[in-house]
Amino acid sequence: QAIADMKNFVGPDTVILSVLNGITSENDIEAVYPGRCLWSVAIGMDATRVGRSLTFGAEGRIQFGEKNGEMTDRVRAVDEYLTACGIASEPCSDILFKQWSKLMVNDGLNQAAAAFDLPYGGLTKLEAMQEVIDLSVLEGVNLPADNHKAFLESMAPTFKPDGMPSMRQDVLAQRPTEVEEFAGVVRRLAKKHGMPTPANDFFYEKIREIEANYNK
C-alpha cells in the first residue's frame, strides 16, 4: 500500500531506501519505480516498542548501496544527506551480503524468540541461520560458512539478556509478523533449488499458528 501511496512524491531524481527487514522489498519497489532504489538494511538498533512508546539504547545505522556494488554519485549524495540529517549511514559496496547477513540473524534469533517466547538470553538457534547460509551460496551471495557463529561471538554478547527482537514484540502485541519476509522467503527461494529447509518450515508453521490464535 505504501508503494502505491507515494506515487505523487516520486520524481525523476527520487532515491528510495527501504529499511524493511528481508531481501525482497527493493524488488517490489523497483517493479513500480524502476531505477529509483538503493538497496539498504537497518542494523545495530535495540528498540522496543510498546503501544506508541519506543525505548532504545543504540540508535543503529542504515547500510545502503547500489545492487551491483558500484559507489555512484547518488550513493555519495544520499550519504551526505543522511549525515546532514544526523542519521548514521554506511555506504556499502557489498549491500547484498549485508542484507543476507541480517536475514540470517532474523531467521535464527527473531523467529526463535517469537516461536519459543524467549528473550535474547535464551536463544541459541543455529539451524535456521545455517539454512540461510546454504541458500546464500546457491543464490550467489556466498555468506561464509561460519557467519552465524562469528555473529553470535561478536554481537550476541552486546544484547541485553532480557531484551527481545522485533518479532517477539509483534507476537506479544498480537501484531502481524514478518514471517513471510524471513522463513517465507527462504522457503520459496530454496524450493527452486530443491533445498530442504526444515528449521524455517518449523518457524513458518509455528508463527503462522501463533498469529492465527491471536485474540482466542
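Keep in mind that what you see is a predicted model, and the values were worked out from it rather than measured. Computed over heavy atoms, backbone and side chain alike; hydrogens, waters and symmetry mates excluded.
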What closest approach, in Å, do [X] and [Y] show between heavy atoms, and which atom pair accounts for it?
| X | Y | value |
| --- | --- | --- |
| Asn110 | Pro165 | OD1-CB, 3.4 Å |
| Ala114 | Met167 | CB-CG, 3.5 Å |
| Thr14 | Gly11 | OG1-N, 2.7 Å |
| Gln63 | Cys92 | CB-SG, 3.7 Å |
| Thr197 | Ala190 | CG2-CB, 3.5 Å |
| Ile3 | Met6 | O-CG, 3.5 Å |

Point-to-point distance, once rounded to the nearest 0.5 Å, from [atom1] of [X] to [atom2] of [Y]:
| X | Y | atom1 | atom2 | value |
| --- | --- | --- | --- | --- |
| Leu143 | Leu135 | CG | CG | 9.5 Å |
| Ile133 | Trp100 | CD1 | CH2 | 11.0 Å |
| Lys206 | Phe116 | NZ | CZ | 8.0 Å |
| Asp28 | Ser18 | CG | OG | 8.5 Å |
| Leu138 | Met195 | CG | CE | 6.5 Å |
| Ser40 | Leu38 | OG | CG | 7.5 Å |

Under a 4.0 Å N-O cut-off, is there an ion pair linking Arg76 with Asp73?
yes

Note, [X] side chain near [Y] side chain (heavy atom, < 4.5 Å):
| X | Y | answer |
| --- | --- | --- |
| Leu82 | Phe64 | yes |
| Glu127 | Pro198 | no |
| Val186 | Leu103 | yes |
| Lys67 | Ile95 | no |
| Gln99 | Glu26 | yes |
| Asn147 | Ser101 | yes |
| Val171 | Tyr214 | yes |
| Ile43 | Val105 | no |

List for me each residue that meets side chain to side chain donor-acceptor pair (under 3.5 Å) alongside Arg36, sequence neighbours excluded, and say none if there are none.
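Expected list: none.
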
Test item: [X] side-chain N/O and [Y] main-chain N/O as donor-acceptor pair under 3.5 Å:
| X | Y | value |
| --- | --- | --- |
| Gln169 | Ala47 | yes |
| Glu131 | Ala199 | yes |
| Ser25 | Leu20 | no |
| Lys102 | Ala42 | yes |
| Glu30 | Cys37 | yes |

Please assess Gln111 against Asn200 for the test side chain to side chain contact (heavy atoms under 4.5 Å, CB included), listing each intermediate value before the final yes or no.
CA-CA 9 Å; Gln111 294 189 137; Asn200 277 282; 3.3 Å; yes

Looking only at the side chains, is there a donor atom on one of Glu209 and Asn213 sitting less than 3.5 Å from an acceptor on the other?
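On atom types as modelled, these side chains do not qualify, holding no pair under 3.5 Å.
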
Using side chain to side chain contact (heavy atoms under 4.5 Å, CB included), reason through His148 and Asp107 one step at a time and then give a plain yes or no.
CA-CA 11 Å; His148 51 341; Asp107 262 44; over 6 Å; no

Go through Val179 and Phe203 one step at a time and tell me if the side chain to side chain contact (heavy atoms under 4.5 Å, CB included) criterion holds.
CA-CA 8 Å; Val179 69; Phe203 281 136; 5.7 Å; no

Contacts under 3.5 angstrom, residues 48-60 side chains, donor-acceptor by atom type, not counting sequence neighbours:
none

Which residue pairs satisfy the side chain to side chain donor-acceptor pair (under 3.5 Å) criterion with at least one member in residues 171-189, sequence neighbours excluded?
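Found Asn21-Glu178, Thr24-Glu181, Asp170-Arg175, Thr177-Glu211, Glu180-Arg188, Glu180-Tyr204, Glu180-Arg208, Arg187-Asp201.
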
Going hydrophobic residue to hydrophobic residue with side-chain gaps under 4.5 angstrom, can you get from Met45 over to Val19?
no

Tell me if the OH atom of Tyr33 is crowded by more than 12 foreign heavy atoms within 6.0 Å.
yes

Can you list the steps and then say if Val32 with Val10 is a side chain to side chain contact (heavy atoms under 4.5 Å, CB included)?
CA-CA 11 Å; Val32 181; Val10 179; over 6 Å; no

